[in-house]
Amino acid sequence: MATLASASHANNSFMKGIMAGIGIAIGYTPAAITFGLLAKGTGLGFIETVAMSMFVFAGAAQYMALNLIAIGTGALEIIFTTFIVNIRHLLMSAAVSEKVEQDHPIKKALYSFGITDEVFAVTTTQEGKIKTGFVVGVASIAYGSWVINSGIGYLVGSILPETLQQSMAIALYAMFIALLMPSLKKHRKVVSLAVFAAILNLVLSQFIPSGWAIICATLTSCIVIELIAGKAEATS
């Protein structure tokens, strides 16, 4: 009897998570479709596109990976760059772990895969401790939306004229600019970081492969700008 009650409670938590994650699923739809379109224009196959969404499940990192693939970057540089972009997930997963009930480490490892910025926001703003089923529910509907719509975007791209498919690579850079602009308007530090990284990447790319140039420019810019900002705050 206790087992049935526990199973029913877990199922109820899961459904609550599904309902709470519907907004995320809707929000992911245009971004995932766009990713599928761009992946087609970059030269990825359908299975490769869907597999990337299935195994990576990180919007910004996937867009970054497409950009690196488009310029012929090697696999090691792509993996390392993706790691840098996604390193914030270590902190987010730790925060979610504090919010969720104690459970088996394997279950925690499984739902931590589904932690994105949006899933993190929904789960950590809940009142009190939350159930594992709730996190799984939110992550599941978000994951399903991202993967399915990535495939839909690729199929939509397949029926577009060949010239339009080839021009989709240009849209990739427009996407990055669109993602960056809101931050540029709000934070002067982001502007400095972007400009310094761009200049440094331009210089380094003359001497080392483009993929490693991006990685070195990103890491160096973050360190330098934070050191400058820290000194400015200390003297103010």
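Quick note: numbers below take in every heavy atom, side chains included, and nothing from hydrogens, waters or symmetry partners.
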> What about the rings of Tyr143 and Phe57, do their centers lie closer together than 6.0 Å?
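Between Tyr143 and Phe57, the centre distance is under 6.0 Å.
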> I'd like to know if the side chain of His89 and the backbone of Thr116 have a donor-acceptor N/O pair within less than 3.5 Å.
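No, because the side chain of His89 does not come within donor-acceptor range (under 3.5 Å) of the backbone of Thr116.
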> Say you draw a straight line from CD1 of Ile33 to CD1 of Ile152; how long is it, rounded to the nearest 0.5 Å?
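It comes to 6.0 Å.
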> Please check if Met52 and Leu155 belong to a single hydrophobic cluster, counting links between Ile, Leu, Val, Met, Phe, Trp and Tyr side chain heavy atoms closer than 4.5 Å.
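Yes, Met52 and Leu155 fall within the same hydrophobic cluster.
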> Any side-chain to backbone donor/acceptor pair from Ser53 onto Val50? Under 3.5 Å, distance only.
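Between the backbone of Val50 and the side chain of Ser53 there is no qualifying donor-acceptor contact (under 3.5 Å).
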> Checking Thr49 against Lys40: is there a side-chain donor and acceptor pair closer than 3.5 Å?
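There is no such pair between these side chains.
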> Do the non-hydrogen side-chain atoms of Gln102 and Lys108 ever get within less than 4.5 Å of each other?
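When only atoms from C-beta onward are counted, Lys108 and Gln102 do touch, with a gap below 4.5 Å.
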> For the residue pair Val122 and Ile24, establish whether any side-chain heavy-atom pair is separated by less than 4.5 Å.
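Answer yes - side chains close enough.
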> Let me confirm one number: the CD1-CD1 distance from Ile26 to Ile141, rounded to the nearest 0.5 Å.
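Result: 8.0 Å between the selected atoms.
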> If hydrophobic clusters are built from ILVMFWY residues whose side chains come within less than 4.5 Å, do Leu110 and Val56 share one?
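Looking at the clustering, Val56 is in a separate group from Leu110.
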> Would you find a donor on one side and an acceptor on the other, under 3.5 Å apart, between the side chain of Glu101 and the backbone of Lys129?
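No, the answer is negative, given that no donor and acceptor are paired below the 3.5 Å cut-off.
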> As an exercise, state the distance from CE of Met64 to CG of Asn86, rounded to the nearest 0.5 Å.
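It is 10.0 Å, given to the nearest 0.5 Å.
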> Apply side chain to side chain contact (heavy atoms under 4.5 Å, CB included) to Val100 and Phe134, showing your working.
CA-CA 9 Å; Val100 185; Phe134 180 85; over 6 Å; no
> Would you check if the side chain of Glu48 reaches a backbone N or O of Leu44 as a donor-acceptor pair within less than 3.5 Å?
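The answer is no, because no donor-acceptor pair under 3.5 Å joins these two groups.
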> Taking Lys99 for the side chain and Glu127 for the main chain, is one N or O donor matched with an acceptor at less than 3.5 Å?
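It does not hold such a pair.
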> With Leu68 as reference, evaluate Thr42, Ile79, Ile78, Thr82 under the side-chain contact (heavy atoms from CB on, under 4.5 Å) test and give the passing residue.
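Going through the options one by one, the only one that passes is Ile78.
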> What's the spacing between Phe35 CZ and Leu66 CG if we round to 0.5 Å?
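The CG atom of Leu66 is 4.5 Å from CZ of Phe35, to the nearest 0.5 Å.
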> Could you check if a side-chain atom of Ser150 sits within less than 4.5 angstrom of a side-chain atom of Trp146, using non-hydrogen atoms only?
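In contact.
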> Would you check if the side chain of Lys16 reaches a backbone N or O of Gly133 as a donor-acceptor pair within less than 3.5 Å?
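Such a contact is absent between Lys16 side chain and Gly133 backbone.
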> Can you tell me how far apart OG1 (Thr123) and CE (Met92) are? Round to the nearest 0.5 Å.
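Here the interatomic distance stands at 9.5 Å.
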> Check whether the side chains of Ser112 and Ser93 place a donor and an acceptor atom closer than 3.5 Å, and report yes or no.
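On atom types as modelled, these side chains do not qualify, holding no pair under 3.5 Å.
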> When rounded to the nearest 0.5 angstrom, what distance separates OH in Tyr154 from CD1 in Ile47?
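Interatomic distance, Tyr154 OH to Ile47 CD1, rounded to 0.5 Å: 9.5 Å.
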